[in-house]
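Since this is a predicted model, take the numbers as computed values, not measurements.
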Amino acid sequence: MVAGLIDHRLSEVEFTGVTDLPAAVQRSQVIVTATPATKPLIQADWVQPGTHLNAIGADMEGKQELDAKLFQRAQAYTDDVPQASEVGEIQNPIKAGVIKPEQVAEIGNALLDPTLGRHDANAITIFDSTGIALQDLAAANLAFVRAKEQGVGTQVDL
């Protein structure tokens with residue numbers, strides 16, 4: 001397991017191996033999962049109030065990185081509700097009856113309507129990314145432009 005620590009200037013990320021996943025999750029405010037897991041790696045009771053999770057590994061039917069019970073305590077967002085309901089992380093809590101598709105906000109709508117965003121600092125939020133290429137390109141471009149404006153990062157020509 002690898003954990004990343006971002007410094008206060010957001011210019012450096014330090015990655016270190018961890019052997020105690022529950023403790024690492026309990027100490028984290030932002031968690032990104034990017035695995036091919038078919039059983040939950042992150043348990044609901046490990047996640048502290050105010051945590052944000054990006055679940056990007058569950059991109060096929062049968063994959064699962066997060067305990068479905070976590071969605072009982074979280075505000076869920078995705079790139080496309082119908083697609084994520086079939087192949088994303090939200091497929092599991094929907095199938096288990098923990099949440100309904102209409103309880104999940106599409107990220108584009110949340111960006112346009114502040115009432116769909118985080119309600120308070122203690123809210124747990126989950127973004128289930130199933131991979132909409134156009135959104136990925138737009139987000140990558142925005143990150144690139146902002147990094148350039150702030151003079152951070154390294155441009156690599158491939």
Side-chain angles (χ1 to χ4, degrees), residues 3-15 24-35 37 40-61 63-153 155:
L5 175 64
I6 302 176
D7 81 2
H8 69 282
R9 296 168 305 204
L10 297 177
S11 62
E12 296 178 23
V13 179
E14 176 186 329
F15 291 95
V25 169
Q26 290 168 352
R27 291 191 317 265
S28 299
Q29 293 176 315
V30 176
I31 299 168
V32 179
T33 58
T35 74
L41 300 171
I42 308 292
Q43 299 302 311
D45 59 345
W46 300 347
V47 179
Q48 300 304 306
T51 301
H52 174 73
L53 298 97
N54 288 321
I56 63 175
D59 57 358
M60 297 175 67
E61 186 175 359
K63 285 188 173 183
Q64 182 176 10
E65 297 177 303
L66 306 177
D67 181 355
K69 288 184 254 169
L70 179 58
F71 287 82
Q72 293 172 323
R73 302 174 36 218
Q75 294 170 233
Y77 303 87
T78 190
D79 39 22
D80 183 77
V81 173
Q83 178 171 298
S85 296
E86 296 295 321
V87 298
E89 189 66 42
I90 66 169
Q91 69 179 296
N92 301 297
I94 289 172
K95 288 176 184 173
V98 173
I99 61 170
K100 296 177 181 171
E102 54 270 15
Q103 292 175 270
V104 180
E106 289 189 356
I107 195 70
N109 294 335
L111 293 172
L112 294 172
D113 182 355
T115 65
L116 297 175
R118 182 182 286 239
H119 300 128
D120 65 66
N122 288 321
I124 295 171
T125 54
I126 300 170
F127 176 60
D128 174 12
S129 176
T130 57
I132 305 293
L134 184 57
Q135 289 178 353
D136 294 345
L137 290 170
N141 184 63
L142 179 60
F144 177 74
V145 168
R146 294 266 169 87
K148 228 173 153 177
E149 289 171 356
Q150 296 175 20
V152 297
Q155 182 173 338

Query raised in the report: Roughly how far, to the nearest 0.5 Å, is CD of Glu65 from CG of Leu41?
Result: 6.5 Å
Query raised in the report: What closest approach, in Å, do Ala123 and His119 show between heavy atoms, and which atom pair accounts for it?
Result: CB-N, 4.5 Å
Report task. Look at the side chain of Thr35 and the backbone N and O of Ala37, then say whether any donor-acceptor pair between them is shorter than 3.5 Å. Result -> yes
Requested in this report: Kindly compute the distance separating CD1 (Ile124) from CD (Gln75), expressed to the nearest 0.5 Å.
Outcome: 10.0 Å
Report task. List in chain and number order the residues that pass side chain to side chain donor-acceptor pair (under 3.5 Å) with Asp113, two or more places apart in sequence or in another chain; answer none if no residue qualifies. Result -> Thr115
**Report entry** Chi angles and distances behind the side chain to side chain contact (heavy atoms under 4.5 Å, CB included) call for Val87, Asp59
**Finding:** CA-CA 5 Å; Val87 298; Asp59 57 358; 5.8 Å; no
Query raised in the report: Are side-chain heavy atoms of Pro40 and Gln64 found at a separation under 4.5 Å?
Result: yes
Report task. Using a cut-off of 6.0 Å, state whether more than 12 heavy atoms not belonging to Glu102 lie near its atom CD. Result -> yes
Query raised in the report: What are the two closest non-hydrogen atoms of Ile56 and Ser129, and how far apart are they?
Result: CG2-CB, 3.7 Å
Query raised in the report: Which pair of heavy atoms, one from Gln26 and one from Gln48, lies closest together, and at what distance?
Result: O-CG, 3.2 Å
Requested in this report: Would you check if the side chain of Asp67 reaches a backbone N or O of Leu70 as a donor-acceptor pair within less than 3.5 Å?
Outcome: no
Query raised in the report: Run the side chain to side chain contact (heavy atoms under 4.5 Å, CB included) check on Ile42 and Val47 step by step: do they pass?
Result: CA-CA 8 Å; Ile42 308 292; Val47 179; 3.7 Å; yes
Requested in this report: For Asp80, enumerate each residue passing the side-chain contact (heavy atoms from CB on, under 4.5 Å) test, keeping only those at least two apart in sequence or located in another chain.
Outcome: Pro82, Gln83, Glu106, Ile132
Query raised in the report: Above 12 or not: heavy atoms from other molecules or residues under 6.0 Å from CZ of Arg146?
Result: no
Requested in this report: Would you kindly say whether Thr130 and Asp79 are connected by a side-chain donor-acceptor distance under 3.5 Å?
Outcome: yes
Query - Euclidean distance, Thr78 OG1 relative to Phe127 CZ, rounded to 0.5 Å - result: 6.0 Å
Query raised in the report: What's the spacing between Leu111 CG and Tyr77 OH if we round to 0.5 Å?
Result: 10.0 Å
Report task. Using a strict 4.0 Å threshold on nitrogen-to-oxygen distance, state whether Glu86 and Lys95 make a salt bridge. Result -> no
Query raised in the report: After noting the C-alpha distance and the side-chain angles of Ile31 and Thr51, does the key distance pass the side chain to side chain contact (heavy atoms under 4.5 Å, CB included) rule?
Result: CA-CA 8 Å; Ile31 299 168; Thr51 301; 3.9 Å; yes
Query - Under 3.5 Å donor-acceptor, Arg73 side chain and Pro49 backbone - result: no
Query raised in the report: Looking only at heavy atoms, which two atoms of Ala84 and Asp128 are closest? And how far apart?
Result: CB-OD2, 3.6 Å
Query raised in the report: With sequence neighbours left out, what residues match Asn54 under side chain to side chain donor-acceptor pair (under 3.5 Å)?
Result: His52
**Report entry** CD-CZ distance between Glu149 and Phe144, expressed to the nearest 0.5 angstrom
**Finding:** 11.0 Å
Query raised in the report: In Å, rounded to the nearest 0.5 Å, how long is the span from CD1 of Ile99 to NZ of Lys69?
Result: 15.0 Å
Query raised in the report: What closest approach, in Å, do Pro93 and Phe71 show between heavy atoms, and which atom pair accounts for it?
Result: CG-CD1, 3.5 Å
